[in-house]
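Remarks on the structure that follows.
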Amino acid sequence: MKMTSRRVHSHPDQKEKRDYSRQIHFLNRYSLIFHALLSCLLVIIIEICSRRSVIGAFKFLGAHTFAFFFDALIIYATLTIVYLFRRRMLMRIIISSIWLLLGIINGCVLSQRVTPFGYTDIKCISDLLTMTNTQYFTKTQEICVVILLSALTIFLIIFSIKGPKFQGKAHKVRAVCLCIGMCILMSGATTLAQNSNWMASYFSNIAQGYSDYGFVYGFSSSVMNRGMSKPDDYSKDTIKAIEERVANVREDNASYTVADSKELISDSANPDAQQPNIICVLLESFMDPTEINFLELSEDPIPNFRALCDNYTSGYLTVPVVGAGTANSEFEVLTGMNLRFFGTGEYPYKTILKKTNCESIASDLSMLGYGTHVVHNNGGNFYSRANAFSQFGFDTFTSKELMNIQEYTPLGSWPTDDILIDETEKALDSTPDQSDFVYTITVQGHGNYPSEKVIQNPEIKVSGAETEEKNNQWEYYVNEIHEVDKFIANLTDMLSKRDEKTILVLFGDHLPTMGLTDEDVKSGDIFKTQYATWNNFGMEQKDADLTAYQMLAYTMEQAGIYEGTIFTYHQAGQYDTEDEQYQKGLENLQYDLLYGERYCYDGIDIYPATDLQMGIDKTYIYNYRENADGSLSIYGTGFTNWSRIYVNDEKMSTTFVSDRQVVLSPEDTESLEDGDILKVCQVGSSSTIFRTTENAMAYDKPFVGQTELE
């Protein structure tokens, strides 16, 4: 009998599955090698996104090879996490996507500002979402981000269901040991690289640091290096030695002290005995346009600021940020502290000040009997300012939610600054028997600066930029700064009419986001802005170039005021930023006040946070009236665009009519019942209630009140 053999043919699907399994097995077997290649590829892509240039990314590889591979090592370390899971491919995609997303965000951020994206910026996302149609975040960008994140989420969900799962034996102990080993390796490698000066431990210029060492290392530094490290020589004896030196300066020089502050306040009949009001004004994105080497201007855009520079104390001001980061310049000015001692790209407003009070110019001057106020025509929650100003010890904060703002810049993005004059005067008038410190923050100079022509007949004509679009941007910016200069003139005019000794300090928080380099500006440093002062009692002009953290100490010294831990330290140190001992002492004091044992205060909390009052004016409800369309008009005082009607503590849809009238929608009016409690609140972002009418009213249908206030 003849036997015949049969050949069994595999089904094509089975063959494909075997090939696929072999590929997966091959990738798993040599996954550590593939992780290394993937890490290098990711660094290249991230640098292309961050630098917005393929050539720039490869130039980084050639010029900073060690930094490139160190960045790759950081990503490689994060990829070892995949061995803790069976769905390793999914985890690789997630980790890679996170790094790529961060690189893309950094590229977008650097297209709008000079300072790169850091960890603390993540804490500001809620702030940026409140600023649509501005330089930071347009409505279109918001929609694109939502679409991209949604698409990525859907893809990851599908891949988690359909994607491959590791089929081999799971060596969990080995995987955990690998992850721990990589952490130890990264820690040792970072210490060695920093001690050998191959990688920097601190970026004096964050933008340059990211450029030299890559986004991955820069961003990782901003994650790991937060807060302040304890100085090597920090101790009670060190702090007390510093305090003794400062105390001698205070005793030898002070014209005003806590001991005689009450006597000065009570002697209102003698103007010479009064402590001077101090008005400090942050000028958003302000600079002298004539300082830009390539610009040609039809006339001087800032004659009033220039006149102050010519006749009163002024100079260059070194600030910690460029193009954005107002809160960090503000922090240095108000506290006298140096941002260089904090982590890379940190915003103290978003970190340490969330939970810790901090001595500032406000708390120091309060010890001398000053009333302390903030005035700002932007949101009270932006940069967590309401919280920060409470931690600083301010008495009041008038944000935009408490202002009846009617005028905006040509793009409609920002309020004009004229309203701040009346609000500043209102703050001064609120304490008739006290001297005052008022910190006023402007916004009119803020971007966006449009590339198309918006102002058809500008007062100042601008040329000299490389393209027509750039000329349009500069023309818009210069003309807005020209309007800010008029604000300066009106502010000094208002102050000069008051029969009170007054010092005015004005400073630019950072240069505008216009891609400037050191070579483009006459100062040779894009971290330098300018400050100018004014006074009405004959203070001697003493021009000086300062840092932001020295400016108010210098101003107080000229006025004979020696008060405060940090500010008197600067006065004793004579403002020498190059003196190593001066900087070491400042670092110790900052650490002691914010993170240490507060040896300066003998461990006593002498500068507690204040119960910050939002706004100066009280608001009231007088009556209400039902309208023909079924809506309800509520009449009172102090209403603004941010007024919202609350019924039984529930926020309702509200229409602002004027500072004396707001309207409840017909739908909400129809649902009202007798006895419902009506009140009007001033509401900020995240539905924060900043202030509520002093009184509430019980609804009584069909009550008809008067339509005109008596």
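The basis for the numbers below is simple: all heavy atoms, side chains too, and nothing from hydrogens, waters or symmetry mates.
By the 4.5 Å heavy-atom criterion applied to side chains, T335 and F392 are counted as neighbours. For the pair V680/T619, no side-chain contact is recorded, criterion being any heavy-atom separation below 4.5 Å from C-beta on.
Taking the six-membered ring for Trp, F331 and F342 have ring centres closer than 6.0 Å. Ring centroids of F305 and F286 are separated by less than 6.0 Å, placing the two rings close together. Aromatic pair F397/F389: ring centres closer than 6.0 Å. Note: F639 and F656 fail the aromatic proximity criterion, with ring centroids not under 6.0 Å apart.
The environment of D611 atom CG is sparse: at most 12 non-hydrogen atoms of other residues, nucleotides or ligands sit within 6.0 angstrom.
A salt bridge links E475 to K453: at least one charged side-chain nitrogen sits closer than 4.0 Å to a carboxylate oxygen.
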For this session: Take Y624 and Y635 through the ring-ring contact (aromatic ring centres under 6.0 Å, His included) test and state the conclusion after the steps.
Result: CA-CA 6 Å; Y624 59 86; Y635 298 93; 9.5 Å; no

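Sorted by first and then second residue, the pairs that involve residues 476-498 and meet salt bridge (charged side-chain N to carboxylate O under 4.0 Å, His left out), not counting sequence neighbours, are E425-R498, D429-R498, E459-K486, E483-K486, D493-K497, R498-E500.
Shown here are the side-chain hydrogen bond (donor to acceptor under 3.5 Å, both in side chains) partners of Y439, two or more places apart in sequence or in another chain: E330.
The side-chain hydrogen bond (donor to acceptor under 3.5 Å, both in side chains) test with D417 singles out one residue from T440, N490, N377, and that residue is N377.
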